[in-house]
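The shown structure was predicted, so the numbers you read here are calculated from the model rather than taken from an experiment.
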Amino acid sequence: MTDILTKLQKASKDYYEGSPTMSDDEFDLLAEASNFEEVGAPVSNRVKHTYRMFSLQKYYVGESTNPLEGYSKDIIETPKLDGAAISIFYSDGKVKQVLTRGDGFEGLDITSKFTSNKPIPYSISNKSDFQITGEIVAPKEIPNARNYAAGALNLKDTQEFLNRDLTFIAYNVQPHISESYSSDMDILTSLGFNVVTKKDWNEFPTDGRVFRLDDNAEFKKYGQTAKHPRGAYALKVRTEGVPTKLLDVVWQTGKSGKVTPVAILDPIEIDGAKISQATLNNIKYIEDLGLEIGCTVAVERAGGIIPRVLKRIL
């Protein structure tokens, strides 16, 4: 377990410094399976974001209730782009500061890479002070497009950065500049930005869909948790996994004294490894999936390491 936590801590640090070494899905599955709850990672040479960059609460198709169910006004749906998030602070119509996401409070200063109109407008007609956040992405036909985009933020050579095939797509502006999110995005479009609401951006990697209240006053009223805004969420799809039979459930005590259920499985092979056991997290997880001895389940190796029961099939 120590090796897994070390791997997650490194993956978290790499991601927040702009050079991810693990996909979001791998990280989410491995973190959930090992009860890893650290959010963000400290970075060196930290600079504070003018406005905090929150992460989105993730929900999965078929596993969760829509957290905005019952809301009667407009909800905007957009693609969840899979690249590297940055914040850009404009003042008097010029780029003043560009930061990597970091831990959401502070990030690395990468302003020196953004002194031209590529990949963001350097000069805009709006002279107000505001922070625009969005994603640096690369075409998905580029091998490891996510790492290609995120790794570019750490390049020492500015010209090498500018030569990369990168696009910036905005998805937020703070403070809000109109009454609705969609209007905010329209205004950013008029200022020369690519924005997430205008198309599906299928030429770039995505890893789900984002749902957000359109009314900015309502969004603010919903507030946020310590980690996520309550007026928006990300919806993702679990991978299918490999089917097998659940033979038994045993309880295992870890070094910390925590007792967790473990699935005993009819042996299967996943990515060349023979799997006969998988984590079940806790009793609520078993109940939520409706698991019974003898049922057929889908299993995956979270992060390529930990076998995990994803769902019940039969």
Can you confirm whether Phe204 sits close enough to Lys140 that some side-chain heavy atom of one is under 4.5 Å from a side-chain heavy atom of the other?
no

Above 12 or not: heavy atoms from other molecules or residues under 6.0 Å from NZ of Lys199?
yes

Where the side chain of Thr244 meets the backbone of Ile268, is there a donor-acceptor pair that is under 3.5 Å apart?
no

Just wondering, are more than 12 heavy atoms of other shown residues or ligands nearer than 6.0 Å to CD in Glu203?
yes

Quick check: do Asp215 and Lys73 have side-chain heavy atoms less than 4.5 Å from each other?
yes

By the definition side-chain contact (heavy atoms from CB on, under 4.5 Å), identify the one residue from Ile88, Thr158, Ile120 that meets it with Phe114.
Ile120

What heavy-atom pair brings Ala85 and Met53 nearest, and what distance separates the two atoms?
CB-CE, 3.8 Å

Tyr59-Asn66 side chain donor-acceptor pair, cut-off 3.5 Å
no

Quick one: does any side-chain atom of Lys118 pair with a main-chain N or O of Leu162 as donor and acceptor, under 3.5 Å?
yes

Is there a donor-acceptor contact under 3.5 Å from the side chain of Glu135 to the main chain of Gly83?
yes

Test item: Asp103 side-chain N/O and Phe105 main-chain N/O as donor-acceptor pair under 3.5 Å:
yes

side-chain hydrogen bond (donor to acceptor under 3.5 Å, both in side chains) partners for Asn144, two or more places apart
none

Acceptor/donor pairs from residues 164-173 side chains to any protein atom, 3.5 angstrom cut, sequence neighbours excluded:
residue : atom : partner : partner atom : Å
Arg164  : NH1  : Tyr148  : O            : 2.7

Is there a donor-acceptor pair under 3.5 Å between the side chain of Arg312 and the backbone N or O of Val297?
no

Kindly say whether Thr206 contributes a backbone atom to a donor-acceptor pair with the side chain of Trp201 at under 3.5 angstrom?
no

How about Arg209 and Tyr233: does a side-chain donor come under 3.5 Å of a side-chain acceptor?
no

Polar side-chain atom of Thr78 near backbone of Thr197 as donor-acceptor pair, under 3.5 Å:
no

Search all heavy atoms of Asn117 against all heavy atoms of Ser123 and return the closest pair with its distance.
OD1-N, 3.8 Å

In terms of heavy-atom contacts, does NZ of Lys284 have more than 12 from other residues, nucleotides or ligands at under 6.0 Å?
no

Restricting to non-hydrogen atoms, name the atom on Ala149 and the atom on Ala138 that form the minimum distance, rounded to 0.1 Å.
CB-N, 3.9 Å

What are the two closest non-hydrogen atoms of Leu81 and Asp207, and how far apart are they?
O-OD1, 4.0 Å

May I ask you to decide if Thr50's main-chain N or O and Gln131's side chain share a donor-acceptor pair within less than 3.5 Å?
yes

Write down the atom of Glu300, the atom of Leu310, and the distance for their closest heavy-atom approach.
CB-CD1, 3.7 Å

State whether a side-chain donor-acceptor pair under 3.5 Å links Asp214 with Ser182.
yes

So does Asp186 pair up with Lys198, basic N to acidic O under 4.0 Å?
yes

Taking every heavy atom of Ser183 against every heavy atom of Ser178, the minimum-distance pair comes out as CB-OG, 3.1 Å

Checking Tyr181 side chain against Ile75 main chain: does a donor-acceptor pair fall under 3.5 Å?
no

Qualifying side-chain hydrogen bond (donor to acceptor under 3.5 Å, both in side chains) pairs with a residue from residues 83-99, counting only residues at least two apart or across chains:
His49-Ser87, Ser91-Asp129

